[in-house]
There are 2 protein chains.
Amino acid sequence: MTATEVTQTEVTQRSAEASGPAPVPAADALVESIRAAGLKVTAPRLAVLRALADAPHSSADRLFTVVRAELPGTSLQAVYGVLAAFTDAGLARKIEPSGSAALFERRVGDNHHHIVCTRCGTVRDVDCAVGEAPCLTPDDAAGFAVRAAEVTYWGLCPACQVELATTRTGPPLLSNKGAR
Amino acid sequence: MTATEVTQTEVTQRSAEASGPAPVPAADALVESIRAAGLKVTAPRLAVLRALADAPHSSADRLFTVVRAELPGTSLQAVYGVLAAFTDAGLARKIEPSGSAALFERRVGDNHHHIVCTRCGTVRDVDCAVGEAPCLTPDDAAGFAVRAAEVTYWGLCPACQVELATTRTGPPLLSNKGAR
DNA sequence: CCCTTATTTTGAGCAATTCAAAATAACGGC
DNA sequence: GCCGTTATTTTGAATTGCTCAAAATAAGGG
């Protein structure tokens, strides 16, 4: 077997043989972050983390598809398990926009928000609008001890704006977001 | 049959016989609001609307339970249907806090937000923190045309703060909301 | 009072996620 | 470098929350 292959049992050794141009970008860094989180380094975890690095805001199902291409034996439940371990360990964050499956991202530890395209479902990060944590402090919290605030913006992504302006091709793909 | 009974077929007549102390508070007002929304007035709709008036932030299932007590023949699907009609007609609003079933409320037409207790799940209304629509305007929307913003606060309700301070009775009932 | 059309009932069906037991692999120590 | 302990993954199934569709029924205008 060549140096570019990674089997289930030797995945943890890769960091020891780092030499020449890395076949997989930053593999060691990914391994390290998993280990740093106090988790065992496994092939499925590495694959999920890499997929998440490539495509933030992915659903469990999407990650499953990507991971499968590289690691055919992986089960969907494994992906769910990995994601649960990651979110527990603070390696990943789970977001749950209304009306769609949960999405995951590696960007953790800062308080950023998301904007979701009501037509195609695309998600982008949005830094907290008003400085530090503005929307985090409601005037009247009714006696609640506020721990976190979550903001979701809904709108049209640039691409969908163009498409809608151009073609008269029916209504939004995602509806039910007509909030004012 | 007495004047306090409401059958499926004569529910629409009640507004005509309003006299003396109303057995059901504001029944006529509820009927009127349904009709004003362009919907036919039916017993299930009236019951759901009343239940929603009594207990805002109720799930479909909870409403179903309440409605059933008064209208035993009602099906869960009917409740879903009523709620869909209400939200479409602008009579009700649907909110979907991460990790729980959708909740409904009658308060529509203003942009208010919600605070959810991470321990017991209680929901309270929160007026928009910064005046008109502050959190609604992200600095950088990445080219998106923002149509709406949704804010959810997470924290501990007064009761749960007390309980946690008093008894050392284990961890939160709802977890996974450890966002910072 | 009847007719048309909206609503509800009845009965399935589905997607996303979770649960549980058995098999397997990671990794610290010997 | 091999072993045992413990975490992880596989395998298989169940659950929750919600939607779909056809047939039965009721609201409200004429």
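Order of the sequence lines sets the chain letters (A, B, ...), proteins ahead of strands, with each chain counted from 1.
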With [X] via side-chain hydrogen bond (donor to acceptor under 3.5 Å, both in side chains) - residues at least two apart:
X	answer
B:Q161	none
A:R62	none
A:Q77	none
B:R68	none

Joint hydrophobic cluster, A:L63 plus A:V41, side-chain heavy atoms closer than 4.5 Å: yes
Shared hydrophobic cluster, B:F64 / B:V82 (ILVMFWY, side-chain heavy atoms < 4.5 Å):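 Yes, one cluster joins them.
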Which whole-number value in Å describes the distance from [X] [atom1] to [N] [atom2]?
X	N	atom1	atom2	value
B:R68	C:dT9	CZ	C1'	11 Å
B:F64	C:dT10	CZ	P	11 Å
A:I95	C:dA16	CD1	C1'	16 Å
B:L63	C:dT8	CG	P	14 Å
A:L49	D:dT8	CG	P	14 Å
A:L71	C:dA25	CG	P	12 Å
B:I34	D:dA26	CD1	C1'	15 Å

Carboxylate-amine/guanidinium contact A:D127 A:R107, below 4.0 Å: yes
Check ion pair A:E105-A:K94 (N to O, under 4.0 angstrom):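 No, A:E105 and A:K94 are not salt-bridged.
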Under-4.0 Å side-chain N/O to phosphate OP1/OP2 contact, A:T42 with D:dA7: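 No, A:T42 has no side-chain N/O under 4.0 Å of OP1/OP2 on D:dA7.
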For nucleotides 3-6 of chain C, tabulate all protein N/O to nucleotide N/O atom pairs closer than 3.5 Å, reporting atom names and distance.
from: C:dT5; atom 1: O2; to: B:K40; atom 2: NZ; distance (Å): 3.4
from: C:dA6; atom 1: O4'; to: B:K40; atom 2: NZ; distance (Å): 3.2

A:A149 versus A:N111, closest heavy-atom pair with distance: O-ND2, 3.9 Å
Strictly under 3.5 Å: I want the nitrogen or oxygen pairs between protein and nucleotides 18-21 of chain D, one per line.
from: D:dC18; atom 1: OP1; to: B:A102; atom 2: N; distance (Å): 2.9
from: D:dC18; atom 1: OP2; to: B:Y80; atom 2: OH; distance (Å): 3.0

